[in-house]
Amino acid sequence: MSEAGGLAVEIGGVRLKNPVICGSGEHLIEASGIEAALEAGAAAVVMKSTNESDAAKTQLSRADYALLDRDWRPLAWGKKPPRDAHLFCRSGLSPLYFDDWLKLLAESDERARHRDAIVIASLIPGDPSVAVDYARAMEAAGARVIEVNIGAPHAREAVAGAITLERDADRVRAITAQMRAAIRVPLWIKLTGQSDDVAGLVVAARAGGADAVTVMGRFMGFVPDVESQTPVLGTFGAIGGAWALPLTCRWLALARKAVGPDYPLLATNGARDGLDVARFLLAGASAVQMTSAVMTGGFGVVAETIETFADYLAKRGQSAEDLIGRAADQLAAYQTVAAEPDRWRELFSSREQSKDK
């Protein structure tokens, strides 16, 4: 067992001072946002993604965002939203030209070093062959970790070829292998959740040479507004919220079973606080990327999450690494649990009678 209360984790040779990563999003386009995330204590910050596509950059000008409550009604921005709020949006990539993006990466990561943190380069391939050149340039600019996101939820709505959503295991393996051959720094692959076999995609990414895999990207959705009877935002959009945590946890547990306990997984999609970080680690993640919660609640969410998680560990006399996969490794198959033939009757058969009384 590691030192009680220890927050540090290791992901494929990359040490993080705690398992809280500020995930890529619009709040991390500018230097001020990256600095705020580092100041809040994030162990790593994933810069807003880039690629070679002008269409992907232009899409940001058509982006829009709705913060919705549990009844799918709009919430005001600027206040910490309730835990069960949903972020529904369409998005684009960083508007910066690539040379400017690289400069921001280098400058931000230099500041991160002074905080025992890291700024991670994020690349969403448009044309995979061009993406390889971009990855090489990122490494040459000093990137210490490169995350390649091949699970962008908006891909089918964006201009063809602007961003990538891969659901085929052979394609995932091939793209990962192409990236792995091009760079020497740690390579993280981010996968979609819009698949019936996310664990199989994790296996493919590992086979291609990924040092770690992030599970899982957001889902696409459609929200009708009952007042105007029109589509919220006028389009489909990516949806995130606390509801996604059990889905992500399931795929983490299945992926852990498929690739073994020593292969590092990262969680994203569903974390709202420090206890959610604990839940993701118990499901098999080594660290957690928080995006929607920070975009909607501000960078204070990062600091609060770390504090809550640290308190949880201290009270239990455990370290972050002690949690990894602890619950996932105790999962039972349906057919192996003890039979309780009358359990359904205890809960449901007299419900209507009870209401009448």
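Side chains included, hydrogens not; waters and symmetry mates left out as well; all remaining heavy atoms used.
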Any chance you could lay out the side chain to side chain contact (heavy atoms under 4.5 Å, CB included) test for Q178 and V148, step after step, and finish with the verdict? CA-CA 11 Å; Q178 195 175 21; V148 178; over 6 Å; no
Going by atom type alone, with no hydrogens or angles, which donor-acceptor pairs under 3.5 Å involve a side-chain atom of residues 220-233 and a protein atom two or more places apart or on another chain?
{"residue": "D225", "atom": "OD1", "partner": "E227", "partner atom": "N", "Å": "2.7"}
{"residue": "D225", "atom": "OD1", "partner": "S228", "partner atom": "N", "Å": "3.0"}
{"residue": "E227", "atom": "OE2", "partner": "R73", "partner atom": "NH1", "Å": "3.2"}
{"residue": "S228", "atom": "OG", "partner": "T230", "partner atom": "N", "Å": "3.4"}
{"residue": "S228", "atom": "OG", "partner": "T230", "partner atom": "OG1", "Å": "2.6"}

Would you please test T308 and D311 for side chain to side chain donor-acceptor pair (under 3.5 Å) and show each step? CA-CA 5 Å; T308 300; D311 287 346; 5.8 Å; no
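- With R180 contributing its side chain and I183 its backbone, the two residues share a donor-acceptor pair below 3.5 Å.
- Across L75 and A85, no two heavy atoms sit closer than the pair CD1-CB, 3.8 Å.
- Listed here is the closest heavy atom pair of V277 and P19: CG1-CG, 4.1 Å.
- Checked by atom type and distance alone, the side chain of S24 pairs as donor or acceptor with a backbone atom of M47 at under 3.5 Å.
- Residues in residues 62-72 take part in these salt bridge (charged side-chain N to carboxylate O under 4.0 Å, His left out) pairs, two or more places apart or across chains: R70-D84.
- Minimum heavy-atom separation, G209 to T176: N-CG2, 4.0 Å.
- Side chain of W101 to main chain of K48: a donor-acceptor pair is present (N/O by atom type, distance under 3.5 Å, no hydrogens or angles).
- A donor-acceptor pair under 3.5 Å is absent between the side-chain atoms of D100 and the main chain of L96, judged by distance alone.
- With hydrogens and angles disregarded, no donor-acceptor distance shorter than 3.5 Å links the side chain of E52 to the backbone of Y134.
- In this structure, D211 contributes its side chain and I11 its backbone to no donor-acceptor pair below 3.5 Å.
- Judged purely by atom type and a 3.5 angstrom limit, K80 has no side-chain atom pairing as donor or acceptor with the backbone of V301.
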Run the side chain to side chain contact (heavy atoms under 4.5 Å, CB included) test on Y65 and E26 for me, step by step, so that the C-alpha distance in whole Å, both residues' side-chain angles and the decisive distance to 0.1 Å come before the verdict. CA-CA 11 Å; Y65 315 85; E26 280 79 337; 2.7 Å; yes
Listing, residues 330-338 side-chain donor-acceptor contacts under 3.5 Å, not counting sequence neighbours, or none:
{"residue": "Q330", "atom": "NE2", "partner": "R326", "partner atom": "O", "Å": "2.9"}
{"residue": "T336", "atom": "OG1", "partner": "A333", "partner atom": "N", "Å": "3.3"}
{"residue": "T336", "atom": "OG1", "partner": "A333", "partner atom": "O", "Å": "2.8"}

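- In terms of heavy atoms, A42 sits closest to V302 at N-CG1, 3.7 Å.
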Let's go through T214 and N149 carefully: what are the C-alpha distance in whole Å and the side-chain angles of both, what is the deciding distance for side chain to side chain contact (heavy atoms under 4.5 Å, CB included) to 0.1 Å, and is it a yes or a no? CA-CA 9 Å; T214 302; N149 182 355; over 6 Å; no
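- Atom CG of L191 sits about 10.0 Å away from atom CD of E166, to the nearest 0.5 Å.
- Here the side chain of K17 pairs no donor or acceptor atom with the backbone of A44 at under 3.5 angstrom.
- The cluster map of Ile, Leu, Val, Met, Phe, Trp and Tyr, joined by side-chain heavy atoms under 4.5 Å apart, puts I21 and L38 in different clusters.
- A donor-acceptor contact closer than 3.5 angstrom links the side chains of S129 and D127.
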Pair up each side-chain donor or acceptor in residues 281-300 with any protein partner under 3.5 Å, not counting sequence neighbours, and list the distances.
{"residue": "Q289", "atom": "NE2", "partner": "E147", "partner atom": "OE2", "Å": "2.8"}
{"residue": "T296", "atom": "OG1", "partner": "S292", "partner atom": "O", "Å": "2.8"}

Go through the steps for I29 and L60 under the test side chain to side chain contact (heavy atoms under 4.5 Å, CB included), then give the verdict. CA-CA 11 Å; I29 289 176; L60 186 67; 3.8 Å; yes
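- Of all non-hydrogen atoms in L67 and P81, the two that sit nearest each other are CD2-CB, 4.0 Å.
- Not one N or O on the side chain of D109 forms a donor-acceptor pair closer than 3.5 Å with the backbone of A112.
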Extract all donor-acceptor atom pairs below 3.5 Å that involve side chains of residues 244-264 and protein atoms in other chains or at least two apart in sequence.
{"residue": "T248", "atom": "OG1", "partner": "A244", "partner atom": "O", "Å": "3.3"}
{"residue": "T248", "atom": "OG1", "partner": "N269", "partner atom": "O", "Å": "2.9"}
{"residue": "R256", "atom": "NE", "partner": "D329", "partner atom": "OD1", "Å": "2.9"}
{"residue": "R256", "atom": "NH2", "partner": "D329", "partner atom": "OD2", "Å": "2.9"}
{"residue": "Y263", "atom": "OH", "partner": "A210", "partner atom": "O", "Å": "2.7"}

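- Side-chain atoms of S94 do not come within 3.5 Å of backbone N or O of T50 as any donor-acceptor pair.
- W77 is linked by a ring-ring contact (aromatic ring centres under 6.0 Å, His included) to nothing, counting only residues two or more places apart in sequence or in another chain.
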